[in-house]
> 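Below you will find the structure I want to go over with you.
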Amino acid sequence: MPHRKAQNLEIDNLDIQILSILMKNATTPYTEIAKDLIVSGGTIHVRMKKLEEMGVIKGASLEVNPQKLGFDVTAFLGIYLEKGSQYHEAVKKLKEINEIVELHYTTGEWSIFAKIVCHDTNHLREVLNENIQGVPGIQRTETFISLEESIKRQISLE
């Protein structure tokens with residue numbers, strides 16, 4: 001399987017194979033990975049530690065389905081700042097809003113692009129009007145409600 005080498009990183013095909021397995025199922029035991037790749041469990045452990053130290057692996061997390069927990073509305077927000085220099089202060093305030101699950105500093109029309117999850121449209125209105133639009137430096141927002149998530153995946157290493 002051909003792979004590109006990541007720039008300035010000492011990653012080989014074994015590292016790529018380990019990452020590929022874990023990206024499909026992060027709960028796969030190291031012993032099972034070792035057996036599949038015909039190496040020792042210790043080798044997998046050492047490689048994982050190396051990848052963490054290099055910053056390739058940022059951590060492990062549990063993914064939950066927000067809808068099963070009553071968050072039925074996913075929305076995306078284009079956020080316009082009065083001045084680009086207000087970005088860092090705005091982000092500090094936006095981090096305090098739990099409904100914001102992703103935030104990106106962007107080029108193009110908006111200064112910031114955010115993903116938020118809410119219980120319903122009333123909750124969305126409350127978060128927008130009382131929380132986000134009240135942040136100093138935010139001029140206005142543009143909201144897009146997601147009707148369906150069709151693709152969600154990690155990058156492909158294959």
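Everything quoted here is computed from the prediction, not taken from an experiment.
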> One thing to verify: whether Lys35 and Glu32 come together as a salt bridge, which I'm taking to mean a side-chain N less than 4.0 angstrom from a carboxylate O.
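Salt bridge: no.
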> Does Asn131 reach the side chain of Glu96, with side-chain heavy atoms less than 4.5 Å apart?
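No, their side chains stay 4.5 Å or more apart.
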> Measure from the side-chain N and O atoms of His119 to the backbone N and O of Gly70, and report whether any donor-acceptor pair falls under 3.5 Å.
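Between the backbone of Gly70 and the side chain of His119 there is a qualifying donor-acceptor contact (under 3.5 Å).
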> Between Lys152 and Glu63, does at least one N-O distance fall below 4.0 Å, as a salt bridge requires?
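Salt bridge present between Lys152 and Glu63.
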> Are Phe76 and Phe71 in one and the same hydrophobic cluster, where Ile, Leu, Val, Met, Phe, Trp and Tyr link if side-chain heavy atoms are under 4.5 Å apart?
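Per the 4.5 Å side-chain linkage, Phe76 and Phe71 are not co-clustered.
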> Just verifying a value: how many Å separate Asp36 CG and Thr31 OG1, rounded to the nearest 0.5 Å?
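Answer rounded to 0.5 Å: 9.5 Å.
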> If you define the side chain from C-beta out and look only at heavy atoms, does anything of Glu109 sit under 4.5 Å from Tyr80?
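Contact flag for Glu109/Tyr80 side chains = yes.
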> Is there a donor-acceptor contact under 3.5 Å from the side chain of Thr43 to the main chain of Val39?
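The answer is no, because no donor-acceptor pair under 3.5 Å joins these two groups.
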> Hey, what else clusters with Val91 if you join Ile, Leu, Val, Met, Phe, Trp, Tyr whenever side-chain heavy atoms sit under 4.5 Å?
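ILVMFWY cluster around Val91 also holds Val73, Leu77, Ile79, Leu81, Tyr87, Leu94, Ile97, Ile100, Leu103, Tyr105, Ile112, Ile116, Leu124, Val127, Leu128, Ile132, Val135, Ile138, Ile145.
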> Charged N to carboxylate O under 4.0 angstrom, Asp12 versus Arg47?
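Result for this pair is yes, salt bridge flagged.
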> Let me see the working for Phe113 and His104 under ring-ring contact (aromatic ring centres under 6.0 Å, His included), right down to the final yes or no.
CA-CA 5 Å; Phe113 198 71; His104 301 267; 7.5 Å; no
> Donor-acceptor pair, Gln86 side chain versus Lys83 backbone, under 3.5 Å?
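Yes.
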> Could you state the interatomic distance from CD (Gln139) to CD (Glu82), rounded to the nearest 0.5 Å?
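Output value for this atom pair is 6.0 Å.
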> Let me check something: do Ile151 and Met23 share a hydrophobic cluster, defined by ILVMFWY side-chain heavy atoms less than 4.5 Å apart, either directly or through other members?
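No, because Ile151 and Met23 fall into different hydrophobic clusters, even though each may have its own neighbours under 4.5 Å.
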> Go through the steps for Ile11 and Leu51 under the test side-chain contact (heavy atoms from CB on, under 4.5 Å), then give the verdict.
CA-CA 8 Å; Ile11 297 174; Leu51 291 167; 4.2 Å; yes
> Atom CD of Gln154 and atom CG of Leu22: how far apart are they, to the nearest 0.5 Å?
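With rounding to 0.5 Å, CD (Gln154) is 11.0 Å from CG (Leu22).
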> Can you measure from CG (Asn25) to CD1 (Ile33) and round to the nearest 0.5 angstrom?
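Rounded to the nearest 0.5 Å, the CG-CD1 separation comes out at 9.0 Å.
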> Identify which one of Leu157, Ile57, Leu37 satisfies the side chain to side chain contact (heavy atoms under 4.5 Å, CB included) criterion when paired with Ile18.
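Of the listed options, the one satisfying the test is Leu37.
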> Share the residues that join Leu147 in a hydrophobic cluster, the rule being Ile, Leu, Val, Met, Phe, Trp or Tyr side chains under 4.5 Å apart at the heavy-atom level.
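Result for Leu147 is none, singleton.
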> Name the orientation class of the two ring planes belonging to Trp110 and Phe144 (parallel below 30°, tilted from 30 to 60°, perpendicular beyond 60°).
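Geometry flag for Phe144 against Trp110: perpendicular rings.
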> Can you establish whether the number of heavy atoms outside Lys93 located under 6.0 Å from its atom NZ is more than 12?
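It does not: Lys93 NZ has 12 such atoms or fewer within range.
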> Do you know which two heavy atoms are closest between Ala34 and Gly41, and how far apart they sit?
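Shortest heavy-atom contact: CB-N, 3.6 Å.
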> Is there a donor in the side chain of Gln133 and an acceptor in the side chain of Thr141, or the other way round, less than 3.5 Å apart?
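On atom types as modelled, these side chains qualify, holding a pair under 3.5 Å.
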> Might you confirm whether atom NZ of Lys50 has over 12 heavy atoms from other residues, nucleotides or ligands at distances under 6.0 Å?
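More than 12 heavy atoms, drawn from other residues, nucleotides or ligands, come within 6.0 Å of this atom.
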> So among Arg125, Glu126, His123, which one has a side chain to side chain contact (heavy atoms under 4.5 Å, CB included) with Cys118?
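Only one of Arg125, Glu126, His123 forms a side chain to side chain contact (heavy atoms under 4.5 Å, CB included) with Cys118, namely His123.
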> Examine Tyr30 and Ile38 and state if one hydrophobic cluster contains both, with Ile, Leu, Val, Met, Phe, Trp and Tyr joined whenever side-chain heavy atoms are less than 4.5 Å apart.
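Different clusters.
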> Please tell me whether Val46 and Ile16 are part of a single hydrophobic cluster in this structure, the criterion being side-chain heavy atoms less than 4.5 Å apart.
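No, it is not one cluster - the side chains of Val46 and Ile16 are not joined through contacts under 4.5 Å.
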> What about Val56 and Ile155, same hydrophobic cluster or not, with Ile/Leu/Val/Met/Phe/Trp/Tyr joined at side-chain heavy-atom distances under 4.5 Å?
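Both belong to a single hydrophobic cluster.
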